[in-house]
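Right, one structure below, let's go through it.
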Amino acid sequence: MIEIKNLHATVDGKEILKGIDLTINPGEVHAIMGPNGSGKSTLSYVLAGRDGYEITEGSVSFFGKDLLEMEPEERAAAGLFLAFQYPVEIPGVANTTFLKSALNAIRKQRGEPELDAMQFLKLVREKTKALNMTDEMLKRAVNVGFSGGEKKRNETLQMAVLQPKFAILDETDSGLDIDALKIVAEGVNALRSPERSMLVITHYQRLLDYIVPDHVHVLAFGKIQRSGGKELALELEKNGYAEFGVNEAA
Amino acid sequence: MASTTLTAPAPRGYDPAAAKPFLEQFDRVKDGLPGAGLSWLNELRSQGQARFAALGLPTVKNESWRYTNLRALDKLTFQPAAETGEAVRFDVLPTVRADGATGPRLVFVDGRFRAELSSTTGLPAGVELLNLADALTRKPDLVAEHLGRIAAPDDRTLVALNTAFLADGPVLHVPRGVTVDETIELVFVSVGSEAQPTAFHPRGLIVAEAESHAVIVEHHVGLGSCTTLSNGVTEVFVGEGASVHHYKVQREHAESFHLSHTAAKVAGKGVYDNFILTIGAKLSRNEVNSVLDGEEGDTHVSGAYMVRGGQHVDTTTFIDHAKPCCTSREVYKGVIDDQARAVFQGKIIVRPDAQKTDGYQQNRALLLSDTAEIDAKPELEIYADDVKCSHGATVGELDDDQLFYLRARGIDKAEARGLLIGAFLSEALEEIAEESVRDAFQSYVADWQNVR
């Protein structure tokens, strides 16, 4: 599904990613764990196509296509989804308008018919209910006045509506209490399927109790230092990142 | 350097020489102007003529015209609008009404009333809606009592010019206690002439007696591409406890100059609500003056503008808190693209008597290109001590994080920009209380975006 090879990326001339290799097959859930500053968020932004990152080496193939050549909206249409660590507030744009524009933009790029207002409303109501969200949250401007938990639920709602093939969850657990975390994790787990893959990016093991990964990778200093099964997460929880030369005590 | 002429020096900030072509025309047309037999009107026009002759056009040395240069007008010789007769045909006139719906409407082409396109059906008994030229014959007392009382001929030079030439325009009189349910539409079409640049000076008068209510929408549109100058003045009297909602959309074509001055006087507990959407014209300036002249009056002076290419839009407002316990609210938002330029000058004055004033002013501009420009000058003059007054001005660009967020969800760049621009302007459009007007204005905003 996605094949990352020797990916190097710099920001303002500083190298952040120093050769990432990662292959994710359909249906797999991978977790990337790493300390602050290890390059986790850079990786997610580079994959989603945000400006400001220079790819100096390497390649990313997504369903056989060169992902790095695509515009962010083309990546979304191809099935890539980034659940933001800090969802962006957009005053003046209603959440429903945003969701409908997004869904229809993706359907259009894929050559599928756009949904009319009624069809869309039916779909979104169903998804909202499953995530324990209210209609009122749909009417509000995108993420404006949302609590941390509401923002993350809103990201999950977008994922449920857009039905991506590959979702990157960037620090989805940050800023969530345990109840909010459970709701979001349930929403994410409901989307797990043999055709859909996920990359869960997190600092802490806690999230992985609820979204259980098939593979765990440790990212530090811009490189994957070690890969293993889900038990690797537990090991990190116990021992921290010290064995990778990271001093988090400061 | 010593002056070698013996004539009085020109007042600073004005160019009296620029008055010359207009004054020559005035001498030619004055005897044929409507109501030329009315002595009070002749007197009013003479005052306007004399004032304009002394001042001419304002220059950028004039503090109020620092950012808007009228030199382009100087280079053109405008002629008064000729009769267009039936030559001009319209397939569709702009309206905020639903498809096929009709209602009270006055239509003016190059400043002249067009009866066959106008209608007064749907108005409650006692409400007068007619054109000024007719009103001078049919309602001379009403006109004499109000015309030139708020927008005085000896005050601003462009008001003086308008007063000299005043001939036609809308007149509305709503009697005491009457509510006009139907929105009144005033349609101004600029056509001009291939032969020469054309000027017209529409003059409006709105009188809402105590406890009356009316909603008015002005449409200013252009047909063709001849150079035109519209120099309009409207006076609005809002009686005790009355409310006037006055909305305007200006969508003139790229060769037109649009200057307008609206002056309102609000009696106690009265409400004057003004909103202007500017999309068109090469150069436009909207002056809105609202005087809160009785206790517990309320005025809203808001608007939105969208300009591109080489357009210039100037919004100059003046809110005068003359009496205690009044509120004013001003929300202006604009989008500026290409080399276009916007000017916002918003002055609020709180007179010594005007205790318990609550004033709010906000103006925000969004620059879409590196060459777009805004000059903003908010001014607060407060002479009372128990006052709540705030103002804010911001200039910004589209937010990269918001753009990326939308694009990451599959929305292409153009649509994402459109959504953000629409969202930015919607905050101003929400100031429009009437839903049908708000929806129509929203659609004009959307049309502007689609032209890209």
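Values below: every heavy atom of this structure, side chains too, minus hydrogens, waters and symmetry copies. Every chain is numbered from 1, with letters handed out A, B, ... down the list of sequences.
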For [X] versus [Y], what's the shortest heavy-atom pair and its separation?
X	Y	result
A/P72	B/A408	CB-N, 4.3 Å
B/A423	A/P91	CB-O, 3.4 Å
A/I106	B/G410	CG1-CA, 3.9 Å

Problem set entry | Heavy atoms from other residues, nucleotides or ligands near CG of A/D12 exceed 12 (cutoff 6.0 Å) |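 Counting neighbours around CG of A/D12, 12 or fewer heavy atoms of other residues, nucleotides or ligands fall under 6.0 Å, so no.
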Exercise. A/A141, A/G49, A/A77: which one forms the most heavy-atom pairs within less than 4.5 Å of chain B?
Worked result: A/G49
Show the pairs of one donor and one acceptor atom, one from chain A and one from chain B, lying under 3.5 Å apart.
| unit_1 | atom_1 | unit_2 | atom_2 | d |
| --- | --- | --- | --- | --- |
| A/R50 | NH2 | B/D401 | OD1 | 2.8 |
| A/E71 | OE1 | B/R407 | NH2 | 2.6 |
| A/E73 | N | B/R407 | O | 3.4 |
| A/E73 | OE1 | B/R407 | NE | 2.7 |
| A/E73 | OE1 | B/R407 | NH2 | 3.0 |
| A/E73 | OE2 | B/R407 | NH2 | 3.3 |
| A/E73 | OE2 | B/K413 | N | 3.4 |
| A/L82 | O | B/R409 | NH1 | 2.9 |
| A/L82 | O | B/R409 | NH2 | 2.7 |
| A/E89 | O | B/Q402 | NE2 | 2.9 |
| A/Q109 | NE2 | B/G410 | O | 2.9 |
| A/N143 | ND2 | B/Y405 | OH | 3.3 |
| A/E155 | OE1 | B/R409 | NH2 | 2.8 |
| A/E155 | OE2 | B/Y405 | OH | 2.3 |
| A/Q158 | OE1 | B/R409 | NE | 2.4 |
| A/Q158 | OE1 | B/R409 | NH2 | 3.4 |
| A/Q158 | NE2 | B/Y405 | OH | 3.1 |

For this session: For the pair B/I411 and A/F98, evaluate side chain to side chain contact (heavy atoms under 4.5 Å, CB included) and give the outcome as yes or no after the intermediate values.
Result: CA-CA 9 Å; B/I411 300 168; A/F98 165 59; 4.2 Å; yes
For this session: Could you tell me which portion of A/P87 (side chain, backbone, both or neither) has an atom closer than 4.5 angstrom to a non-hydrogen atom of chain B?
Result: both
Problem set entry | Close side-chain approach of B/L406 to A/I90, heavy-atom, < 4.5 Å | yes
